[in-house]
Amino acid sequence: TQLLEQSPQFLSIQEGENLTVYCNSSSVFSSLQWYRQEPGEGPVLLVTVVTGGEVKKLKRLTFQFGDARKDSSLHITAAQPGDTGLYLCAGGGRAGNMLTFGGGTRLMVKP
Amino acid sequence: DAGVIQSPRHEVTEMGQEVTLRCKPISGHNSLFWYRQTMMRGLELLIYFNNNVPIDDSGMPEDRFSAKMPNASFSTLKIQPSEPRDSAVYFCASSLLSTGILYQETQYFGPGTRLLVL
């Protein structure tokens with residue numbers, strides 16, 4: 001069974017601070033996705049990384065896929081209240097296009 | 001273009017009643033997923049359809065849960081009889097499975113159905 005563990009589970013920070021969220025597994029994934037979910041809505045894809053060591057930037061968000069494709073990180077620079085939400089990592093490579101989701105990191109950015 | 005549509009958005013029912021959740025995937029997508037989300041267990045995959053055929057239902061909790069996909073544009077998740085522990089947010093997601101050297105399994109989620117079983 002493939003499992004993805006996210007840390008921390010909860011994070012409360014002040015506006016302007018930096019933070020890093022981790023997604024770890026003992027399994028290799030063909031791709032790693034990060035989703036953000038806001039209250040009352042479904043998760044929305046932020047980025048997909050497919051190559052070991054790959055780094056992608058999305059404005060103040062930086063995503064990295066581990067060299068061995070077993071882990072990933074999400075770094076947010078100068079967090080803003082609009083970044084508040086649940087961040088989910090998801091690993092691809094299962095049959096068809098099923099994803100394995102991590103438990104999520106609930107982020108709150110206070111103004 | 002409309003995204004994934006789910007109905008109802010909220011459902012309150014009493015223990016023992018039948019509950020039916022509905023989903024209309026994005027047009028042209030060939031894969032459909034039903035998930036359940038709770039604070040304790042996070043996002044759990046219940047069942048996965050590809051081309052209207054159930055491929056993996058290992059996440060379906062028990063016989064009280066059933067799912068159907070009679071055509072490419074409609075799916076239902078039924079709970080009969082419902083129990084308080086079924087209270088959760090149920091999401092439907094759709095995706096386009098394509099083959100090739102690289103494919104990305106982006107899933108598009110609906111807004112969810114918030115179910116409360118009293």
Flag yes if [X] and [Y] sit in one hydrophobic cluster, no otherwise; membership is Ile, Leu, Val, Met, Phe, Trp, Tyr, and two members link when side-chain heavy atoms are under 4.5 Å apart.
X: B:Ile5; Y: B:Phe33; result: no
X: B:Tyr48; Y: B:Tyr90; result: no
X: B:Val19; Y: B:Val89; result: no
X: B:Leu45; Y: B:Leu77; result: no
X: A:Phe101; Y: B:Met60; result: no

- Item | Spacing of OG belonging to B:Ser58 relative to CE belonging to A:Met98, to within rounding of 0.5 Å | 7.0 Å
- Query: Side chain, backbone, both or neither: which part of B:Arg9 has an atom under 4.5 Å from a heavy atom of chain A?
  - Reply: side chain
- With only heavy atoms counted, which part of B:Met39 is less than 4.5 Å from chain A, the side chain, the backbone, both or neither? side chain
Where is the tightest heavy-atom contact between [X] and [Y], given as atom of each residue plus distance?
X: A:Gln33; Y: B:Thr106; answer: NE2-N, 3.5 Å
X: B:Gln107; Y: A:Tyr35; answer: N-OH, 3.1 Å
X: A:Gly42; Y: B:Phe91; answer: CA-CE2, 3.4 Å

- Item | B:Pro81: partners by side chain to side chain contact (heavy atoms under 4.5 Å, CB included), with sequence neighbours left out | B:Arg64
- Is it true that the side chains of A:Gln37 and B:Gln37 contain a donor and an acceptor less than 3.5 Å apart? yes
- More than 12 non-hydrogen atoms from neighbouring residues, nucleotides or ligands closer than 6.0 Å to CD on B:Glu14, yes or no? no
- Task: Go through B:Phe109 and A:Glu41 one step at a time and tell me if the side-chain contact (heavy atoms from CB on, under 4.5 Å) criterion holds.
- Result: CA-CA 9 Å; B:Phe109 285 78; A:Glu41 299 181 8; over 6 Å; no
- Could you tell me whether the side chain of B:Tyr108 and the main chain of A:Leu45 form a donor-acceptor pair under 3.5 Å? no
